[in-house]
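Residue numbers run from 1 in the order of the sequence given.
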Amino acid sequence: MLAQSRSLSFRAKRTGDIELRKVAGRLRNQARYELKCFQNEQLSKQLKERHAPGETSRIFWSKTKRHFKKTSASLKGFFSSTGEIINDPQRMADRAADHYGKRFDAPTVMRPHPYVDTPPMQWENSNELIPPVTYPEILNVLRTRKKKQSLDIHGLSLYTLDKIPKNYWHFLVHLYNDSFTKAYIPKKFKEVRMILLAKKDSVCNPDQTRPISLLDSFLKIQEKLFLNRFRLILKDHGLLPENQSGFREGYRLQTPVLFLIEQIYSYMSNSSPVATVFVDFKSAFDQLWFKRCLGKLGTMGIPTAYINWIRAWLYGRSAIIEIQGKRSKWIKIERGGPQGSSLTPSLFITYHSDMADFFPGATSFFFADDLAAVLAGQIGTRFTSQCIDLEHRLQSFMKQLEYYSILSVQPINYDKTHVMFSARAIKYPDPLPKIKCGDHSVDWIPRFKYLGYWLSTKLGWGNIIDRTCLIVRQRTAMINSFKLNGQYSTRLRRVLFSTFVLPYFT
């Protein structure tokens, strides 16, 4: 129709025929109207099917998220030792395998070591067995798991498993029960396909990537079954401290933030100087030391059957790194829990459940691997004397933190470990004392982003409110100017607003 309209327009120009010009205009307007109707239909289809798995959903979110995401997790290249950019997928995979092969090597630790070389302890529940798996329980796990389409090393996914006839899972009931009884996991289950996500820049060094392990799909189901039983043991014996809020049912992310602010307020109400230490551990999940973890579980009173199965789950793992379809050599995993496993976070917080015992002079708050410790000067003395006492307590805390880091083979990320000073006094000590953790200096900061919330020295909410309002204004402006496939509708704005702006109001 557009071609015919153009043809008639050229003929009308040559002949000067007014009627032909009118016919060409009508054809052009009709074509534009039908094109607009088609685009509206496609837009409505994408909005309607945006949550359904398929090509339409992928196209919709890929076109919208890239406008609202500040950074991308896609990896496009590595820097070489000479500063050149390596973007060949095979060379990138090989270089990443060399890096992570060294990172996942078993740590070298001085022996004898607590929890490893101490005599085993006998508990009343040591002989307790892992409860058997039932067929309805497996079906319930399948129903509640997200139907992700990411493929494991064998080309299977949870979406694929959902398509298997349900009566086939009777065989897996016997396999899982036999695994729990004999503490044995098939070797093929422990082969991992690993992909890398860029933490910040798409071109970086291998140590600035995050390894995500795509575990065997059948093992994922068994991990969830074991996790339900493991959490029940932790809950019945009260093994996890109340100040640990990460990866636990009934503990929200906002809980440690509110408790932390309340603790600082209580010290400040007594006119005491307060120091809040925010500690970041380097590659926390990747540094899990197998021997100490298993030995520590034994001293905590975890039954032997559970420890034996965790030992079988940790040891004997191997992985390949895949980048853009190219695979590296196999690497052995002798340290760290797989990122992407449902069991790793719970095992990690259990492993570090006694961390607060190493800091008796501080009030500690944990969320997974994030630690915030609050210290205050001695109450009832002059403010200057309280500041001096607080400095001594800080130095003692840093020594205890360094000792725990070495004992647990859990390195500290000193670049992201900071201290914040708070007090009701109008004039702060100037300069603030120099704080060291080992051979590294720890910086004082006026504000810190803790679990997504900005905390300042005076604990006011103005900073986070101003930042939130700025984000809301920026994203609302983007939504008002956003067009998908050249189309713009109230329904599209409503979808984008509820996705990218409403959570900030909440």
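More than 12 heavy atoms of other residues, nucleotides or ligands shown are found within 6.0 angstrom of CZ on F68. Within a 6.0 Å sphere centred on NZ of K166, heavy atoms belonging to other residues, nucleotides or ligands number more than 12. The local environment of CG in D439 is sparse, with at most 12 non-hydrogen atoms from other residues, nucleotides or ligands closer than 6.0 Å.
S364 and N243 share no side-chain donor-acceptor pair at under 3.5 Å. Y351 and S408 form no side-chain donor-acceptor contact under 3.5 Å, judged by distance and modelled atom types alone. Between the side chains of D207 and H99, no donor-acceptor pair is found at a separation under 3.5 Å. With 3.5 Å as the limit, one finds no donor-acceptor pair spanning the side chains of T350 and S353.
With K220 as the fixed residue, the side-chain contact (heavy atoms from CB on, under 4.5 Å) test singles out one of L215, V141, L156: L215. Of the residues listed (V374, T457, T363, L455), the one engaging I264 in a side-chain contact (heavy atoms from CB on, under 4.5 Å) is V374, and it is the only one.
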message: Is there a side-chain hydrogen bond (donor to acceptor under 3.5 Å, both in side chains) between T160 and S157? Walk through the geometry before answering.
response: CA-CA 5 Å; T160 309; S157 66; 3.0 Å; yes
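Note on ring orientation: taking the six-membered ring where Trp is involved, the planes of F290 and Y315 are perpendicular (angle over 60°, cut-offs 30° and 60°). Ring pair F189/F218 is parallel by interplanar angle, where below 30° counts as parallel and above 60° as perpendicular. Between W313 and W309, the ring-plane angle classifies as parallel under the 30° and 60° cut-offs. Taking the six-membered ring for Trp and thresholds of 30 and 60 degrees, Y414 and H440 have nearly parallel ring planes, at less than 30 degrees apart. Taking the six-membered ring where the residue is Trp, F500 and W61 present perpendicular rings, their angle passing 60° and hence far from 30°. Ring geometry for F448 versus F278: interplanar angle under 30°, hence parallel rather than tilted (30 to 60°). Using cut-offs of 30° and 60° on the angle between ring planes, the pair H170 and Y135 is parallel.
Under the 6.0 Å cut-off for aromatic ring centres, Y306 and F226 qualify, their centroids lying closer than that.
A heavy-atom distance below 4.5 Å is not found between the side chains of L172 and I221. Here the side chains of V192 and I333 are not in contact, with every heavy-atom distance at 4.5 Å or above. Under the 4.5 Å side-chain criterion, counting only non-hydrogen atoms from C-beta, D94 is not in contact with K326. Counting heavy atoms from C-beta on, the side chains of F281 and H352 never come closer than 4.5 Å.
For K235 and E249, the salt-bridge test fails: no basic side-chain N is under 4.0 Å from an acidic carboxylate O. Using a 4.0 Å cut-off between a side-chain N of Lys or Arg and a carboxylate O of Asp or Glu, K102 and D98 do not qualify as a salt bridge.
Side chain of R248 to backbone of S245: no donor-acceptor contact under 3.5 angstrom is found. In terms of modelled atom types and a separation under 3.5 Å, the side chain of S346 and the main chain of L343 share no donor-acceptor contact.
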